[in-house]
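Just so it is clear, the model here is predicted, and its values are computed rather than measured.
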Amino acid sequence: MLAATSTLSSTASQLTPLSSLSPNPFSVKFSFTFRENKNRIAVPTSLKSQRCQLSALRVSASSQSAPTSVEASKVSALPSEMKAWVYGEYGGVDVLKFDTKVAVPELLEDQVLVKVVAAALNPVDFKRRQGKFQNTDSPLPTVPGYDVAGVVVKVGSKVKDFKEGDEVYGDINEKALEGPKQSGSLAEYTAVEERLLALKPKNLDFVQAAALPLAIETAYEGLERTGFSAGKSLLVLNGAGGVGSLVIQLAKHVFGASRVAATSSTGKLELLKSLGADLAIDYTKENFEELPEKFDVVYDAIGQCDKAVKVVKEGGSVVALTGAVTPPGFRFVVTSNGAVLKKLNPYLESGKVKAVIDPKGPFPFSKLVEAFSYLETNRATGKVVIHPIQ
């Protein structure tokens with residue numbers, strides 16, 4: 001979930017403004033109204049997958065304070081329009097269009113307006129774009145994006161915890177599948193309820209912070225729902241993914257797991273060990289469901305619940321984030337909660353828990369389509385981050 005900052009090249013030459021498209025499925029200019037309910041460590045081996053060569057993984061967390069940000073000083077008078085990625089119909093990556101004249105979202109009394117510095121992509125983003133939960137989605141057109149890290153530039157009348165200039169991060173949608181915001185984080189500005197945000201950990205930059213919210217909250221809530229506690233054992237399926245990499249760390253360093261096993265492809269086994277896994281299982285060579293060892297909890301972040309239930313102890317729990325659910329497995333949808341981020345901030349600031357970002361990133365704002373295409377291969381390591389947003 002890291003640090004190298006890409007410089008956005010000439011946006012005008014790479015992006016297709018909505019105004020140049022014909023026919024246009026929706027108005028070029030539209031307004032959203034909300035009424036909704038560096039202690040960096042090196043990885044021992046290079047990461048390889050069947051489809052790409054991952055030259056180096058950047059894992060980061062620092063007990064040192066990050067350099068003082070100048071992002072807040074860059075914020076001038078607030079514009080009425082902003083740059084954003086938008087889609088006006090459901091479909092593949094081709095429905096994503098870049099627009100330079102999207103209305104800056106209106107602010108409700110319990111919200112803050114955030115100048116977005118970095119944003120991260122999640123599977124829920126492309127599943128939403130594909131229309132997989134359109135019956136509970138907000139109306140089109142949509143500016144996508146859940147994860148955000150940025151600077152508060154305006155506060156609502158009832159906001160108490162944040163002020164202009166605060167560096168914050170969070171998942172902007174309280175309920176991921178129930179009326180997520182029409183104006184998301186893949187834009188220059190986004191409006192967020194203060195209860196969904198936390199101050200950015202002092203040692204993390206915006207790229208690292210953006211990689212965390214939805215994934216770390218999902219990892220934490222899933223473990224809590226199983227009643228996971230000190231002394232218990234855990235198996236994580238897809239331990240090198242955005243959620244799985246954080247499940248390993250939280251189980252080991254926050255919940256006090258006695259033993260953590262995790263699966264990945266061959267090139268990512270050393271990563272699993274560096275994150276705290278006691279047993280790294282190469283799924284290309286071993287069938288984890290045939291292990292003689294059984295676990296108190298299996299956290300399935302890949303969609304193999306039918307196999308996961310074979311290695312859970314009697315009375316144990318299986319969390320299934322995707323795919324069919326086989327009893328005693330269960331599924332849940334994360335609830336965004338800034339209080340969880342605040343609780344975990346000390347572990348991030350101490351370096352016990354680290355953000356893992358795919359080494360192909362961060363992707364510049366102009367390369368959002370490429371970033372989504374890569375995420376949708378299911379080969380990403382950790383999180384895919386977009387930065388800078390400009």
Side-chain angles (χ1 to χ4, degrees), residues 8 11 15-19 21 24-36 78-108 111-134 136-150 153-154 170-193 196-197 210 213-214 336 363-369 371-372 375 384-390:
L8 182 61
T11 303
L15 304 176
T16 303
L18 277 177
S19 56
L21 298 174
N24 192 340
F26 52 96
S27 173
V28 172
K29 181 177 178 181
F30 56 89
S31 175
F32 295 111
T33 301
F34 299 99
R35 296 290 183 271
E36 38 191 313
L78 295 178
S80 60
E81 297 176 338
M82 65 180 182
K83 300 171 187 175
W85 284 90
V86 187
Y87 57 88
E89 59 183 319
Y90 294 114
V93 293
D94 57 303
V95 302
L96 289 162
K97 308 300 178 185
F98 184 76
D99 191 352
T100 61
K101 295 184 178 296
V102 176
V104 172
E106 298 176 12
L107 200 62
L108 298 182
Q111 294 180 326
V112 300
L113 186 66
V114 176
K115 175 69 175 71
V116 182
V117 180
L121 308 185
N122 295 280
V124 68
D125 286 299
F126 67 76
K127 292 177 182 178
R128 179 187 183 189
R129 191 197 67 233
Q130 292 166 350
K132 293 189 182 298
F133 55 95
Q134 58 184 283
T136 57
D137 198 2
S138 55
L140 296 170
T142 296
V143 173
Y146 285 66
D147 285 328
V148 68
V153 294
K154 187 177 181 181
D171 169 5
I172 71 168
N173 293 309
E174 186 167 17
K175 299 294 184 182
L177 308 182
E178 299 174 22
K181 289 181 173 59
Q182 193 178 11
S183 186
S185 60
L186 291 167
E188 291 184 292
Y189 296 91
T190 193
V192 195
E193 291 78 10
L196 307 184
L197 297 172
L214 190 149
S336 176
F363 288 78
F365 200 35
S366 61
K367 299 293 185 182
L368 182 72
V369 170
F372 263 121
L375 178 67
V384 174
V385 177
I386 309 301
H387 172 81
I389 306 290
Q390 61 184 41

Check: Can you tell me how far the NZ atom of Lys97 sits from the CH2 atom of Trp85, to the nearest 0.5 Å?
Finding: 9.0 Å

Next item on the list: For Leu186 and Phe365, work out which heavy atoms get closest and say how close.
Entry: O-CZ, 3.6 Å

Item checked: Separation of Gln390 CD from Lys83 NZ (nearest 0.5 Å) -> 7.0 Å

Next item on the list: Could you tell me the separation between the CZ atom of Phe133 and the NZ atom of Lys127, rounded to the nearest 0.5 Å?
Entry: 9.5 Å

Next item on the list: Without swapping roles, check the side chain of Ser185 against the backbone of Asp147 for a donor-acceptor pair under 3.5 Å.
Entry: yes

Notebook entry, point to check: At their closest point, which heavy atom of Ile389 faces which heavy atom of Ala187, and how far apart are they?
Noted result: CG2-O, 3.2 Å

Note to self: With a 3.5 Å distance limit and no angle check, can you tell me whether Arg129 reaches the backbone of Tyr90 through a side-chain donor-acceptor pair?
What the structure shows: no

Next item on the list: Considering non-hydrogen atoms only, spot the tightest contact between Ala176 and Tyr146 and give its length.
Entry: O-OH, 2.7 Å

Margin query: Walk me through whether Leu368 and Val93 qualify under side chain to side chain contact (heavy atoms under 4.5 Å, CB included).
Written below: CA-CA 9 Å; Leu368 182 72; Val93 293; over 6 Å; no

Checklist line | Side-chain heavy-atom pair Leu113, Pro105 within 4.5 angstrom cut-off | finding: yes

Check: Hey, mind stepping through Leu121 and Phe126 against side chain to side chain contact (heavy atoms under 4.5 Å, CB included) and telling me if it holds?
Finding: CA-CA 8 Å; Leu121 308 185; Phe126 67 76; over 6 Å; no

Note to self: Taking Ala84's backbone N and O only, do any of them form a donor-acceptor pair with Asp99's side chain (distance below 3.5 Å, no angle check)?
What the structure shows: no

Next item on the list: Any chance you could lay out the side chain to side chain contact (heavy atoms under 4.5 Å, CB included) test for Leu197 and Val114, step after step, and finish with the verdict?
Entry: CA-CA 10 Å; Leu197 297 172; Val114 176; 4.3 Å; yes

Checklist line | Where Met82 and Val104 come nearest, the two heavy atoms and their spacing | finding: CB-CG2, 4.0 Å

Notebook entry, point to check: Shortest non-hydrogen contact from Ala371 to Ile386?
Noted result: CB-CD1, 3.6 Å

Item checked: Working for side chain to side chain contact (heavy atoms under 4.5 Å, CB included), residues Leu78 and Tyr189 -> CA-CA 10 Å; Leu78 295 178; Tyr189 296 91; 3.9 Å; yes

Notebook entry, point to check: What are the two closest non-hydrogen atoms of Leu196 and Val192, and how far apart are they?
Noted result: CB-CG1, 4.1 Å

Next item on the list: Report the residue from Gln182, Arg128, Glu178, Lys181 that forms a side-chain hydrogen bond (donor to acceptor under 3.5 Å, both in side chains) with Ser138.
Entry: Arg128

Next item on the list: Report yes if some heavy atom in the side chain of Ser336 is under 4.5 Å from a heavy atom in the side chain of Leu214; otherwise report no.
Entry: no

Check: Could you state the interatomic distance from CG (Leu96) to OH (Tyr87), rounded to the nearest 0.5 Å?
Finding: 8.0 Å

Notebook entry, point to check: To the nearest 0.5 Å, what is the distance between CD (Glu89) and CD (Gln134)?
Noted result: 12.0 Å

